[in-house]
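Data block below; observations after.
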Amino acid sequence: MNLLGETLNIDLTTRTVTAAPLDGAAARRYLGGRGLNVWQLQQLVGPEVDALGPENVLILSCGLLTGTEAPVSSRLQIGARSPLTGLLGSSNVGGHFGAALRSAGYQSVQITGQADAPVYLWIDANGVEIRDAAGLWGLDTRATAAALKAQAAERDAKIMTIGPAGENMARYASLIMADGHAAGRTGLGAVMGSKRLKAIVITHTPSRRPPNPATRSLMQAYAQSIRSAERYEIYARYSNSAYLNWSNEMGILGTRNFQEAQFDGSEKIDGVEIARYVTKVKSCHRCPVHCKAEIRVDHGRFAVMLGERPDIEPLMAMGPRIGVDDPEAVLYLFSLSNTLGLDVISAGGAVAFAIDLYQRGILTDDDTGGLALNWGDAEAAATLMRQIAHREGLGDALADGVRAAAQRIGGRPRTMPTTPKAWNCPATTRAARMAPRSATRSPTGARTSPASTPHRSSSGPRSRAGHPRRPEGGRAPRARRQRRAGPVCVGCVGGARLARPVQDTGALHRGRLQPGERGPACVGAVWLGPDR
């Protein structure tokens, strides 16, 4: 039995599948996940490769502990050349897909080439098949997942798919898991769409062998340390969405395309209010926090709407950033983004950018096809998001990203809030530049992270104010300065503890973990870890 798993190589051009044992030296040096992805991309993707061409390689890599009984060991790292920036495209997702891939015996998957017609991958106990997806092409992510689940004999089949946004190669299209998780920000859904790969399905596979008693005792102790963290109850009940109103009080809540850093309606859409719509609490693989949840709206304009509870950044993107203070509208827009297969942060940024230009008179009714774009208009935002996903009308320009759209449409630099790598800023990143004493971590991370995802995997200096001990009211107490990083997500980076606050891109490309990397923001490991 190969404890490290295999590397699965799939050539969609020739429709061939091969597998080889993961190199032990590479596993020890790069620790799986992001390090392994970057090492493989360096070897396979040169500077001449078009991100949306068949030569680009889409790589999925588990952490060395992903799929084991270790706490919070759910994460899967996905990488390719980004169609949005042309640089390193990197995204990370939790849930159960990564654990299922590892249980199937695969540590890493490399997908190359381009199919001549839509296909999907089927992974089960008998191996890997490349199947025809003609009947799935054109479906949204929910319909695709439902159709594939109907084909699976096992009820708990794990599915990763793209929606219309990925098929039409919107440059910030995301990969959506059937359990509601998303791998967004880097446009890897567009890469998958360019390869005419609609989905990957993993049916039920046996788990890896259980750990010995000593290892199990260590895992249980680590899980207990998470449960005893002072903010555990907040995250277990509300996720990090409970801190939206706190962000508003701190003056780092990007509002109306960052024209302001505070939003009057923040209390209406804070996670404490969103909890009223929760119908079922869920968890990622082996995570004791259970911060994920299903929501349902039973009345109003968006009645019988089902979806997932958004975390804080999606709440910001579909709320303050476009001026929406109706919680049901925010939930609807978030669900729509996942259904279309759009990165919710980038989609919110694109919509806010368009509204800003319309309000300034740079965009007219002729440009929008008669669609009036006003702050707080959820229906108009939904229409524009559909246009982006299908590349229709104004959405065709916005689908290439805010910076590219600005070059086509026009607009002053202040209406184009992107990072130096052409990314649309997360809500707190640009707002923190307005009040740098409140949150210095995000701008530093945006400028120094190779993939520019500061709210997930970058770390700058700790906010002076820290996080509040409770979400209800009052200003946040000042926290001790963090001297060492807390626990990392062991499924992502193998359990290393890293402390330096500035990214080291050179070290990353030499195969070492980033000094500023503390693992993606898996709340069980990063946000809840004790300050040291």
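Counted by atom type alone, Q259 and D356 present one or more donor-acceptor pairs between their side chains at under 3.5 Å. Under the 3.5 Å distance criterion, with hydrogens and angles disregarded, no donor-acceptor pair is assigned to the side chains of N37 and Q77. Under the 3.5 Å distance criterion, with hydrogens and angles disregarded, no donor-acceptor pair is assigned to the side chains of S241 and R309. In this structure, a donor-acceptor pair under 3.5 Å is present between the side chains of H299 and E328.
Checked by atom type and distance alone, the side chain of S337 never pairs as donor or acceptor with a backbone atom of F334 at under 3.5 Å. For H96 (side chain) and S283 (main-chain N/O), a donor-acceptor pair under 3.5 Å exists by modelled atom type. With S91 contributing its side chain and G184 its backbone, the two residues share a donor-acceptor pair below 3.5 Å. Side chain of K280 to main chain of V278: no donor-acceptor pair is present (N/O by atom type, distance under 3.5 Å, no hydrogens or angles). Between the side chain of T13 and the backbone N or O of Q114, at least one donor-acceptor pair lies under 3.5 Å. Between the side chain of Q262 and the backbone N or O of N248, at least one donor-acceptor pair lies under 3.5 Å. Looking only at distances, a side-chain donor or acceptor of T383 sits under 3.5 Å from a matching main-chain atom of E379. Although no hydrogens or angles enter the test, the distance criterion places no donor-acceptor pair under 3.5 Å between the side chain of S346 and the main chain of Y172. No donor-acceptor distance shorter than 3.5 angstrom exists from the side chain of S174 to the backbone of G187, with no hydrogens or angles considered. Of the possible donor and acceptor atoms, one in the side chain of R391 sits under 3.5 Å from a partner among the backbone N and O of D396.
Between F258 and F353, the ring centre distance reaches or exceeds 6.0 Å.
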message: Determine whether Y243 and Y235 satisfy the following criterion, ring pair (Phe, Tyr, Trp, His ring centres under 6.0 Å), listing intermediate values before the conclusion.
response: CA-CA 10 Å; Y243 295 109; Y235 279 90; 5.6 Å; yes
message: What verdict does the side-chain contact (heavy atoms from CB on, under 4.5 Å) test give for L373 and L384, after you've listed the backbone C-alpha separation in whole Å, the side-chain angles of each residue and the deciding distance to 0.1 Å?
response: CA-CA 9 Å; L373 298 177; L384 192 55; 4.3 Å; yes
task: Test V45 against N56 for side-chain contact (heavy atoms from CB on, under 4.5 Å), laying out the working first.
output: CA-CA 6 Å; V45 180; N56 198 5; 4.0 Å; yes
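The pair D179-K292 does not count as a salt bridge, with every side-chain nitrogen at least 4.0 angstrom from each carboxylate oxygen. Under a 4.0 Å N-O distance rule, the pair R408/D400 qualifies as a salt bridge. With respect to the salt-bridge test (charged N to carboxylate O, under 4.0 angstrom), the residues D11 and R15 do not qualify. Look at R196 and D116 and you find no salt bridge, because none of the NZ, NE, NH1 or NH2 atoms lies under 4.0 Å from a carboxylate O. Of the charged side-chain nitrogens involved, none lies within less than 4.0 Å of a carboxylate oxygen, so that E392 and R386 do not count as a salt-bridged pair. A salt bridge links D298 and R296; the closest N-O separation between the charged side-chain nitrogens and carboxylate oxygens is under 4.0 Å.
The number of heavy atoms from other shown groups lying within 6.0 Å of CD (Q151) is above 12. Heavy-atom contacts from other residues, nucleotides or ligands closer than 6.0 Å to NZ of K282 number more than 12. Environment of CG in D264: sparse, with no more than 12 heavy atoms of neighbouring residues, nucleotides or ligands closer than 6.0 Å.
Closest approach of V297 and L331 over heavy atoms only: CG2-CD1, 4.3 Å.
Screening D367, T368, D365 for a side chain to side chain donor-acceptor pair (under 3.5 Å) with Y358, the sole residue that qualifies is D365.
Put simply, the side chain of I111 does not reach to within 4.5 Å of the side chain of V57, judged on heavy atoms.
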